[in-house]
Engineer: 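Please find one structure pasted underneath; my questions will follow.
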Protein chains: 2
Amino acid sequence: MAIGKPAQQAPAGEPTGRRQPLNRQRVLSAALAYADRHGLAGLTMRRLGTELGVEGMSLYKHVADKDALLDGIVELLWAEVPAGPAPDAGWRQALRNFADGLYRVFGRHPIVAPLIATRNFVNIEVLRRYQAYLELLRQTGFDRRRGLDAIGAVVGQGVGYGLLALRYTDPAPQTAEPESNLQRIRRITRTLPADVPDPLVELAVDLTSECDTDRCFAISIDALLAGLAPGPA
Amino acid sequence: MAIGKPAQQAPAGEPTGRRQPLNRQRVLSAALAYADRHGLAGLTMRRLGTELGVEGMSLYKHVADKDALLDGIVELLWAEVPAGPAPDAGWRQALRNFADGLYRVFGRHPIVAPLIATRNFVNIEVLRRYQAYLELLRQTGFDRRRGLDAIGAVVGQGVGYGLLALRYTDPAPQTAEPESNLQRIRRITRTLPADVPDPLVELAVDLTSECDTDRCFAISIDALLAGLAPGPA
DNA sequence: ACCTGAACACCGTTCAAGT
DNA sequence: ACCTGAACACCGTTCAAGT
């Protein structure tokens with residue numbers, strides 16, 4: 001679909017400039033945007049190449065291989081999360097913001113964000129953020145180990161709920177038209193065995209509509225933060 | 001690798017029986033076992049076929065396509081989670097067990113379990129469990145909506161921590177030999193830019209060794225359960 | 001009813017060759 | 001320095017044909 005001519009016009013954002021050479025950054029953000037729109041399965045070295053006005057093989061000059069491309073996308077996603085605590089925030093407020101920022105990434109990139117949970121996790125953007133929040137925690141009396149545990153706790157929650165919110169609603173992101181309620185029910189039911197009892201179908205429908213994951217997330221992040229405390233041992 | 005002859009011997013567990021025809025169940029569990037050992041990228045319709053002593057194309061008689069195969073694997077993973085509350089358990093204990101069972105699946109299937117978070121979420125095994133635990137919550141005074149929220153909360157946590165625990169340790173699951181500490185450091189560092197400051201490298205190393213995700217998980221599930229309460233509105 | 005062979009339209013990746 | 005063309009070894013999937 002949408003192959004056609006190699007798109008000689010102007011690849012992405014240049015108004016006129018013929019073709020400034022590619023670089024890693026441009027390749028990565030084009031990849032993120034392309035996957036957002038065409039799905040992860042649609043993201044292909046060849047197709048991404050033509051999107052950028054180039055043969056797919058040229059991309060190997062800027063990323064080692066497709067794995068590196070996907071890991072690079074994950075870095076870009078993390079870059080959307082607040083890089084550190086606001087200057088006047090207490091540690092609970094800061095961690096809440098951190099988790100919330102992470103959670104929101106899943107809402108903005110419903111198709112791509114799950115890569116955060118499946119690809120290589122420890123990248124430079126992650127480390128910068130861990131470092132910044134850890135610094136605040138240490139100032140508040142957490143030792144390093146407890147600080148890392150606390151950060152892990154809120155990150156686990158952000159990722160977990162982010163994913164769950166997507167999976168409940170899932171998987172009809174591709175099309176432009178928002179589907180009708182009836183269409184949603186049929187889509188969900190279709191993947192189930194034919195003889196599934198009615199109460200379970202009802203449950204499936206409720207899950208995909210009534211469950212307020214945003215509120216769930218807020219509740220549980222508050223509960224978690226209440227359960228954490230500074231100090232060693 | 002390991003292609004060779006079509007493995008006429010005996011596919012998986014039969015001691016003698018020539019070749020009882022395949023069925024969906026056998027295909028799915030073979031797929032899970034194969035992916036556990038050879039990675040998700042290694043799981044190929046053709047390779048899974050030869051593993052089962054059959055051409056890859058024959059599998060399409062038993063699963064619609066590869067997507068259906070992966071969704072089926074997710075069902076198998078959920079089937080390892082306790083199907084309902086123990087008869088004498090209070091609701092908090094029951095939900096803790098539920099979340100814990102889910103969390104442990106990620107430990108048993110480090111390569112495959114992330115499919116839980118990326119594939120179609122609402123399947124028959126999920127619904128059965130939601131139904132069973134919801135029933136208990138209703139008996140304890142939760143209304144349906146609050147009950148679903150509570151279940152969503154613990155599931156989000158189980159999935160989130162399960163994934164995080166994997167991602168911290170990640171991604172050297174393939175080989176038989178457990179890697180040395182030094183190997184681990186080098187592997188982690190390799191994906192980072194060359195000029196990354198030392199404190200961040202130190203952080204990366206600590207993350208992959210010192211962080212006690214099991215304890216993190218226990219703490220935060222307790223905090224969460226303490227923050228939940230029965231009742232409507 | 002279940003499986004096979006051959007074919008189609010794609011992949012990721014390599015490498016010598018172009019400019 | 002950056003990109004292209006052609007090639008290789010694989011994919012998922014289809015379908016007529018076999019037993």
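Chain identifiers are assigned alphabetically (A, B, ...) following the order of the sequence lines, protein sequences preceding nucleic acid strands; residue numbering begins at 1 within each chain. Keep in mind the model is a prediction, meaning the values are calculated, not measured.
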Engineer: Polar pairs (N or O, both sides) under 3.5 Å between protein and nucleotides 17-19 of chain C?
Structural biologist:
none

Engineer: Under 4.5 Å between any side-chain heavy atoms of B:Val63 and B:Met45, yes or no?
Structural biologist: yes

Engineer: Is any side-chain N or O of B:Ser58 closer than 4.0 Å to OP1 or OP2 of C:dC2?
Structural biologist: no

Engineer: Parallel under 30°, tilted from 30 to 60°, perpendicular over 60°: which one fits the rings of A:Phe98 and A:Tyr133?
Structural biologist: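 A:Phe98 vs A:Tyr133 ring planes: parallel.
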
Engineer: Going by ring-ring contact (aromatic ring centres under 6.0 Å, His included), name the pairs with one or both residues in residues 64-85 of chain A, residues two or more places apart or in two chains.
Structural biologist: A:Trp78-A:Phe121

Engineer: C:dC3 C1' sits how many Å from B:His62 NE2, rounded?
Structural biologist: 9 Å

Engineer: Which is it for B:Leu32 and B:Leu28 under the side-chain contact (heavy atoms from CB on, under 4.5 Å) test, yes or no, and what are the steps along the way?
Structural biologist: CA-CA 6 Å; B:Leu32 172 55; B:Leu28 292 183; over 6 Å; no

Engineer: What I'd like to find out is whether the side chain of A:Leu43 reaches to under 4.5 Å of the side chain of A:Ile73, using heavy atoms alone.
Structural biologist: yes

Engineer: Scan nucleotides 11-14 of chain D against the protein and return all N/O pairs shorter than 3.5 Å with their distances rounded to 0.1 Å.
Structural biologist:
from: D:dC11; atom 1: OP1; to: B:Arg47; atom 2: NH1; distance (Å): 2.6
from: D:dC11; atom 1: O5'; to: B:Thr44; atom 2: OG1; distance (Å): 3.4
from: D:dG12; atom 1: OP1; to: B:Lys66; atom 2: NZ; distance (Å): 3.0
from: D:dG12; atom 1: OP2; to: B:Met45; atom 2: N; distance (Å): 3.1
from: D:dG12; atom 1: N7; to: B:Arg46; atom 2: NH1; distance (Å): 2.4
from: D:dG12; atom 1: O6; to: B:Arg46; atom 2: NH1; distance (Å): 3.3
from: D:dG12; atom 1: O6; to: B:Arg46; atom 2: NH2; distance (Å): 3.2
from: D:dT13; atom 1: OP2; to: B:Tyr60; atom 2: OH; distance (Å): 2.8
from: D:dT13; atom 1: OP2; to: B:Lys66; atom 2: N; distance (Å): 2.9
from: D:dT13; atom 1: O5'; to: B:Tyr60; atom 2: OH; distance (Å): 3.4

Engineer: With a 4.0 Å cut-off on N to O distance, would you call B:Glu51 and B:Arg47 a salt bridge?
Structural biologist: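 Here B:Glu51 does not pair with B:Arg47 in a salt bridge, since their nearest N and O are not under 4.0 Å apart.
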
Engineer: Where does DNA chain D pair, written as one dot-bracket string 5' to 3', with Watson-Crick or G-U pairs under 3.5 Å, ( ) inside the strand, [ ] for crossing pairs and | for another strand?
Structural biologist: ||.|||||...|||||.||

Engineer: Take atom CD of B:Glu55 and atom C1' of C:dT4, then tell me their distance rounded to the nearest Å.
Structural biologist: 6 Å

Engineer: Checking B:Glu202 now: which residues fulfil side-chain hydrogen bond (donor to acceptor under 3.5 Å, both in side chains) with it, not counting sequence neighbours?
Structural biologist: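 Not a single residue meets the side-chain hydrogen bond (donor to acceptor under 3.5 Å, both in side chains) criterion with B:Glu202.
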
Engineer: Which residues satisfy the salt bridge (Lys or Arg N to Asp or Glu O under 4.0 Å) test with B:Asp71, sequence neighbours excluded?
Structural biologist: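 If we apply the salt bridge (Lys or Arg N to Asp or Glu O under 4.0 Å) test to B:Asp71, skipping adjacent residues, the hits are B:Arg119.
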
Engineer: Does either side chain, that of B:Thr213 or that of B:Tyr168, offer a donor lying less than 3.5 Å from an acceptor on the other one?
Structural biologist: no

Engineer: Among B:Arg104, B:Arg108, B:Arg129, whose salt bridge (Lys or Arg N to Asp or Glu O under 4.0 Å) with B:Glu80 holds?
Structural biologist: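 Only one of B:Arg104, B:Arg108, B:Arg129 forms a salt bridge (Lys or Arg N to Asp or Glu O under 4.0 Å) with B:Glu80, namely B:Arg108.
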
